[in-house]
Peer 1: 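If you scroll down you'll find the structure; I have some questions about it.
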Amino acid sequence: HKVDVIIDTTGIPPVISASYDKLAPSGRLILVGQPRPGAEVEIPNAVSMFDGTGKSIRATQGGGTDPEKDIPRYIALADRGLLEYKTLHTNTFTLDEVNDAFDLLRTGDAGRIMINIGAK
């Protein structure tokens, strides 16, 4: 069974490759997860990109956020009780613990991590 849209959040090259192969002839593969630096992604049956039906791969470029607009909007939503931000933040680390934060991030068991640069 082929699908129209696949959104990959893993950034794992074999998962991305397998996802591409599951696309319908005009399907779109959207990459949210970023592969590690230097990683290569194989496109199986790459000639299928040129069969005239428009199969495509797109990267999100970090989600397209604009912090100057988005952060005030998020604060306003939270103030009105429409955004439950407390469930998004899962861990806080000091700057000295930044490597521990990256280790947790790599496990996939973290939500949003904050680094407190003022704490020791």
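Values below: all heavy atoms of this structure, side chains included; hydrogens, waters and symmetry mates excluded.
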Peer 1: Go through the structure and list residues passing salt bridge (charged side-chain N to carboxylate O under 4.0 Å, His left out) with Arg73, not counting sequence neighbours.
Peer 2: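 Listed in chain order: Asp70.
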
Peer 1: Tell me, which pairs form a side-chain hydrogen bond (donor to acceptor under 3.5 Å, both in side chains) where one or both residues lie in residues 14-23, sequence neighbours left out?
Peer 2: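 Non-adjacent pairs meeting side-chain hydrogen bond (donor to acceptor under 3.5 Å, both in side chains): Tyr20-Ser48.
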
Peer 1: With rounding to the nearest 0.5 angstrom, report the OG1 to CD1 distance, Thr92 to Ile115.
Peer 2: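 CD1 of Ile115 is found 8.5 Å from OG1 of Thr92.
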
Peer 1: In the hydrophobic clustering that connects Ile, Leu, Val, Met, Phe, Trp and Tyr at side-chain heavy-atom distances below 4.5 Å, which members other than Ile71 occupy its cluster, ordered by chain and number?
Peer 2: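 Direct or chained contacts put Ile71 with Ile75.
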
Peer 1: Check side-chain hydrogen bond (donor to acceptor under 3.5 Å, both in side chains) between Thr10 and all other residues, then give those that pass, not counting sequence neighbours.
Peer 2: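 Listed in chain order: Asp8.
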
Peer 1: Hey, quick one: are Ile57 and Val5 part of the same hydrophobic cluster, counting side-chain heavy atoms closer than 4.5 Å, chains of contacts allowed?
Peer 2: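 The answer is no; the residues belong to distinct hydrophobic clusters.
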
Peer 1: Distance-only check: which donor-acceptor pairs under 3.5 Å involve side-chain atoms of residues 102-112, not counting sequence neighbours?
Peer 2:
from	atom 1	to	atom 2	distance (Å)
Asp103	OD1	Arg106	NH1	3.2
Thr107	OG1	Leu104	O	2.6
Thr107	OG1	Asp109	N	3.1

Peer 1: Any side-chain heavy-atom pair from Met114 and His89 closer than 4.5 angstrom?
Peer 2: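 Touching, per the 4.5 Å side-chain cut-off.
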
Peer 1: Return the minimal non-hydrogen interatomic distance between Leu23 and Lys55, and the atom names on each side.
Peer 2: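 In terms of heavy atoms, the two residues are closest at O-NZ, 3.7 Å.
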
Peer 1: Same hydrophobic cluster for Ile7 and Val3, using side-chain heavy-atom links shorter than 4.5 Å among ILVMFWY?
Peer 2: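 In one cluster: no.
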
Peer 1: Give the other cluster members for Val15, using side-chain heavy-atom distances under 4.5 Å between Ile, Leu, Val, Met, Phe, Trp and Tyr residues; answer none if it is isolated.
Peer 2: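 Once heavy-atom contacts under 4.5 Å are chained together, Val15 belongs with Ile12.
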
Peer 1: Check side chain to side chain contact (heavy atoms under 4.5 Å, CB included) between Ala24 and all other residues, then give those that pass, not counting sequence neighbours.
Peer 2: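 With sequence neighbours excluded, Ala24 shows a side chain to side chain contact (heavy atoms under 4.5 Å, CB included) to Lys2, Asp4, given in chain and number order.
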
Peer 1: Rounded to the nearest 0.5 Å, what's the gap from CZ on Phe93 to CD1 on Ile113? Could you check?
Peer 2: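 Interatomic distance, Phe93 CZ to Ile113 CD1, rounded to 0.5 Å: 5.5 Å.
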
Peer 1: State which residues pass side-chain hydrogen bond (donor to acceptor under 3.5 Å, both in side chains) with Asp100; sequence neighbours excluded, sorted by chain then number.
Peer 2: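 So Asp100 forms no side-chain hydrogen bond (donor to acceptor under 3.5 Å, both in side chains) with any residue.
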
Peer 1: Scan the side chains in residues 30-45 for donor-acceptor partners under 3.5 Å anywhere in the protein, sequence neighbours excluded, and list what turns up.
Peer 2:
none

